[in-house]
Novice: 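Structure below; questions to follow.
Just so you know, these numbers use all the heavy atoms, side chains as well, and skip hydrogens, waters and symmetry mates.
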Amino acid sequence: MRWKSIIPSRTGLKWLLSETLVVVLGVLVALWINDYWSFRQDRMLERDYVVRLIQDVDSDIEYIDQEVARLLKAKFDALQAIRPVVYGERPVPNDVESFLKQVSLAAAGGASSTHWVVDTTFRDLLNTGNLRLIRDTELRRKVAVYYEDFEEFYIRSRDRRSGYARFVWSAMPGELRDDMTLDSIADFGLEMTLKRIRSEEFQFLWNQEYNFALFNNRVSSEAAKALKVDLEEYLTEI
């Protein structure tokens, strides 16, 4: 009698199995719902990241095609304009003020290297580990390569900076100042400034700065445009 009281009856066994099944099904449904919502959230986050990457790359294209192109053209024009005087092939022009402004303009972009790409979203993807949310592995690779290539270019550009800008600042009141006049330069020491600009030291610096400009002239928006196409195509798929 004692053992019979411990062993559940057939009816009780059925009830126990039914309750267990209900609990198991409930757990499975809860897990499925959780997975479903996690999947939806990941897909929404993935889409948001892709949109933000497109916006970042769009900014890169605009900045490179407009600002960088303008800056480099102005820099090359100024360097070419002052070269004959710097190398003693021509005398200092009568318009000394305009000449010295060209000397100053040639230093543009040479004081510090500038990040030409907006990498805010990419840094966020790396720091949070969310790069994995972009399911297309080839697209992930292209995004990473785009920013890695720029970082390498930035470092190489930074390493090519010369002392041209510092030399100019030490010889004249300021760089690209609209209010820089011949009088202000004269107060700074006009004759000494012109002598320093025609020195062998400055010729060496001019050559370095020209090579620096040539290297930076390699920057192109083509990689950004290609990545934008890939991102936009992927956005339509997801």
Side-chain angles (χ1 to χ4, degrees), residues 59-119 146-147 149-225:
S59 297
D60 297 343
I61 294 170
E62 181 179 359
Y63 186 75
I64 292 171
D65 286 349
Q66 295 182 22
E67 292 302 313
V68 174
R70 179 190 60 79
L71 174 66
L72 286 174
K73 183 180 185 307
K75 187 178 185 68
F76 272 118
D77 289 347
L79 285 167
Q80 292 286 17
I82 67 173
R83 184 193 179 283
V85 178
V86 172
Y87 279 85
E89 298 169 2
R90 293 180 189 172
V92 176
N94 293 330
D95 190 351
V96 179
E97 184 176 332
S98 294
F99 168 73
L100 291 177
K101 284 187 176 182
Q102 289 291 92
V103 172
S104 184
L105 181 59
S112 61
S113 299
T114 304
H115 266 271
W116 289 339
V117 303
V118 179
D119 59 356
Y146 173 75
Y147 289 101
D149 284 352
F150 168 75
E151 190 64 26
E152 180 182 352
F153 180 89
Y154 169 77
I155 292 172
R156 294 176 66 188
S157 173
R158 182 193 62 196
D159 292 343
R160 282 168 171 75
R161 290 208 311 265
S162 74
Y164 183 98
R166 290 191 298 274
F167 187 95
V168 169
W169 293 341
S170 70
M172 290 190 289
E175 181 189 22
L176 297 176
R177 279 176 47 181
D178 294 332
D179 61 345
M180 185 175 72
T181 65
L182 197 58
D183 289 338
S184 65
I185 299 170
D187 293 339
F188 212 68
L190 179 59
E191 291 302 322
M192 180 61 68
T193 295
L194 293 176
K195 183 177 180 180
R196 293 184 68 187
I197 288 173
R198 303 189 72 181
S199 67
E200 290 186 1
E201 179 186 1
F202 194 71
Q203 291 172 10
F204 176 75
L205 290 173
W206 182 96
N207 188 61
Q208 282 191 319
E209 194 69 9
Y210 190 77
N211 288 333
F212 171 75
L214 282 177
F215 179 81
N216 286 316
N217 199 44
R218 297 167 52 188
V219 71
S220 168
S221 63
E222 293 306 310
K225 290 175 180 175

Novice: If you look at every heavy atom in A108 and L71, which pair is closest and at what distance?
Specialist: CB-CD1, 3.5 Å
Novice: Compare every heavy atom of N216 with every heavy atom of L72, then report the nearest pair and how far apart it is.
Specialist: CD1-O, 3.6 Å
Novice: How far apart are the C-alpha atoms of F76 and L214, what are their side-chain angles, what is the distance that settles it, and do they pass the side chain to side chain contact (heavy atoms under 4.5 Å, CB included) test?
Specialist: CA-CA 9 Å; F76 272 118; L214 282 177; 3.8 Å; yes
Novice: Do V168 and V103 come within less than 4.5 Å of each other through their side chains, counting heavy atoms only?
Specialist: yes
Novice: Given side chains that start at C-beta, do those of Y210 and Q80 come closer than 4.5 Å, heavy atoms only?
Specialist: yes
Novice: Would you sort out whether K225 and E222 count as a side chain to side chain contact (heavy atoms under 4.5 Å, CB included), showing the intermediate values?
Specialist: CA-CA 5 Å; K225 290 175 180 175; E222 293 306 310; 4.0 Å; yes
Novice: Please round to the nearest 0.5 Å and tell me the distance separating atom CG of D60 and atom CZ of F150.
Specialist: 8.0 Å
Novice: I need the L105 CG to S98 OG distance, nearest 0.5 Å.
Specialist: 11.5 Å
Novice: State whether the side chain of R198 and the backbone N or O of L194 hold a donor-acceptor pair below 3.5 Å, judged by distance alone.
Specialist: no
Novice: From R156 CZ over to D159 CG, what is the distance, rounded to the nearest 0.5 angstrom?
Specialist: 9.5 Å
Novice: If we ignore hydrogens and angles and just use 3.5 Å, is the side chain of Q203 paired with the main-chain N or O of V86 as donor and acceptor?
Specialist: yes
Novice: Show the nearest heavy-atom pair for residues Y164 and E209, with the distance to one decimal.
Specialist: CB-OE1, 3.3 Å
Novice: Look at the rings of F153 and F215 and say which category their plane angle falls in: under 30° parallel, 30 to 60° tilted, over 60° perpendicular.
Specialist: parallel
Novice: So, for S221 and D65, which heavy atoms are closest and what is the spacing to 0.1 Å?
Specialist: OG-OD1, 2.7 Å
Novice: Could you pull out the closest heavy-atom pair between V118 and S59, with the gap in Å?
Specialist: CG2-CB, 4.0 Å
Novice: Cation-pi check for F167 against R196: NZ or CZ below 6.0 Å from the six-membered ring centre and within 45 degrees of the axis, yes or no?
Specialist: yes
Novice: Tell me whether N217 contacts the main-chain N or O of A213 through its side chain, where contact means a donor paired with an acceptor under 3.5 Å.
Specialist: no
Novice: Which value, rounded to the nearest 0.5 Å, describes the distance between F202 atom CZ and I82 atom CD1?
Specialist: 5.0 Å
Novice: Are more than 12 heavy atoms from other residues, nucleotides or ligands located less than 6.0 Å from atom OH of Y87?
Specialist: yes
Novice: Hey, is K195 close enough to E191 for a salt bridge, meaning N to O under 4.0 Å?
Specialist: no
Novice: Does any N or O in the side chain of W206 come within less than 3.5 Å of the main-chain N or O of L79, such that one atom is a donor and the other an acceptor?
Specialist: yes
Novice: Can a donor-acceptor pair be found, under 3.5 Å and without considering hydrogens, that links the side chain of S157 to the backbone of Y154?
Specialist: no
Novice: Which atoms form the tightest heavy-atom contact between P84 and A81, and what is the distance?
Specialist: CD-O, 3.6 Å
Novice: For atom CD of E89, decide whether the heavy atoms of other residues, nucleotides or ligands shown that lie under 6.0 angstrom number more than 12.
Specialist: yes
Novice: Can you tell me how far CZ of F99 sits from CG of N94, rounded to the nearest 0.5 angstrom?
Specialist: 12.5 Å
Novice: First locate atom CG of L100, then atom CG of L190, and finally report the distance between them rounded to the nearest 0.5 Å.
Specialist: 6.5 Å
Novice: Are E152 and I155 close enough that some pair of their side-chain heavy atoms sits under 4.5 Å apart?
Specialist: no
